[in-house]
Amino acid sequence: ADLDELDARVSVCRACPRLVDWREHVAGVKRRAFADQPYWGRPLPGFGDPLPKLLIMGLAPAAHGGNRTGRMFTGDQSGDWLFRALHRAGIANSSIAEHAADGQKLFGARMISAVRCAPPDNKPTVDERDCCAGWLDAELADLLPWVRAVLALGSFGWDATLNAVRRAGGTVPAPKPKFGHGEIAVLHTPAGKPLTVIGCFHPSQQNTFTGKLTEEMLDDVMGRARDLAGL
Ligand code: SF4
């Protein structure tokens, strides 16, 4: 119930003027292939299990993906990669995530993003990241008692996770562990329970088109994340 209330409050947030303009501009202009569809054009809530053992930390919604469908990693190529891997790992009930009413479900896992509105060029500013951190902190306060592992997508997701756990009163090793594909950092929650963060190259087209991230590499890290979470 707390998460539902949080989602309702997030969905009307207009704190970042540049992102509000962009998410609504994209929703008004649309991409030709989606011209007949309504666009969500608002902040995105987390998606998945409300009592997750595994958290998947993304960067921000894609303009014509989540910003269109209203659900994280749904309706774009990054999401296709991610959901296929989640399905192969037994964490998602289907390999396909096309729209918010497609019946997709995550088992013991939840997706969340560091910034909840689609940014131009997929790059939020530091101010926007800091502004949205309040929503991240509010959601994590509910989730952290359950979470055992975090799959951090890209260095942005990695840093957002470490910083949020520190703000929540948990502990992060010093010096701060560096992001890398397959890198591990062991944090502790505010209650003193171990929380393992595993880094994964973001499944953005920039990484998947160039072969920097292959499906095998994604499967490897996804399987380790699932095992670390005890799923
Ligand atoms: Fe609000 Fe976050 Fe969207 Fe900024 S990015 S408008 S803080 S929901």
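Predicted, not measured: the structure shown is a model, and the values here were computed from it. For ligands, and for the atoms within them, numbers begin at 1 and follow the listed sequence.
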Which pairs of donor and acceptor atoms, one on a side chain in residues 222-231, lie under 3.5 Å apart (sequence neighbours left out)?
| residue | atom | partner | partner atom | Å |
| --- | --- | --- | --- | --- |
| R224 | NH2 | G182 | O | 3.2 |
| R226 | NH1 | A89 | O | 3.1 |

Can I get a per-line list of side-chain donor-acceptor pairs under 3.5 Å for residues 183-196, giving both atom names and the distance, sequence neighbours left out?
| residue | atom | partner | partner atom | Å |
| --- | --- | --- | --- | --- |
| T189 | OG1 | A191 | N | 3.3 |
| T189 | OG1 | G192 | N | 3.4 |
| T189 | OG1 | K193 | N | 3.1 |
| K193 | NZ | P145 | O | 2.9 |

Please table the atom pairs, donor to acceptor, closer than 3.5 Å between any side-chain atom in residues 101-113 and protein atoms at least two apart or in another chain.
| residue | atom | partner | partner atom | Å |
| --- | --- | --- | --- | --- |
| D102 | OD1 | R71 | NH1 | 3.0 |
| D102 | OD1 | R71 | NH2 | 3.1 |
| D102 | OD1 | Q104 | N | 2.9 |
| D102 | OD2 | R71 | NH2 | 2.9 |
| D102 | OD2 | E98 | N | 2.9 |
| D102 | OD2 | H99 | N | 3.4 |
| Q104 | OE1 | N93 | N | 3.3 |
| Q104 | OE1 | S94 | N | 3.3 |
| Q104 | NE2 | S94 | O | 2.9 |
| Q104 | NE2 | I96 | O | 2.9 |
| R110 | NE | E139 | OE2 | 2.7 |
| R110 | NH1 | G48 | O | 3.1 |
| R110 | NH2 | E139 | OE2 | 3.1 |
| S113 | OG | V115 | O | 2.8 |

State whether the side chain of T69 and the backbone N or O of T74 hold a donor-acceptor pair below 3.5 Å, judged by distance alone.
yes
Do side-chain atoms of D49 reach the backbone of L51 as a donor and acceptor pair under 3.5 angstrom?
yes
Validation row, ring centre Y39 to ring centre H64 under 6.0 Å
yes
Around atom 3 (Fe) of ligand 1, how many protein N/O/S atoms fall inside 2.8 Å?
1
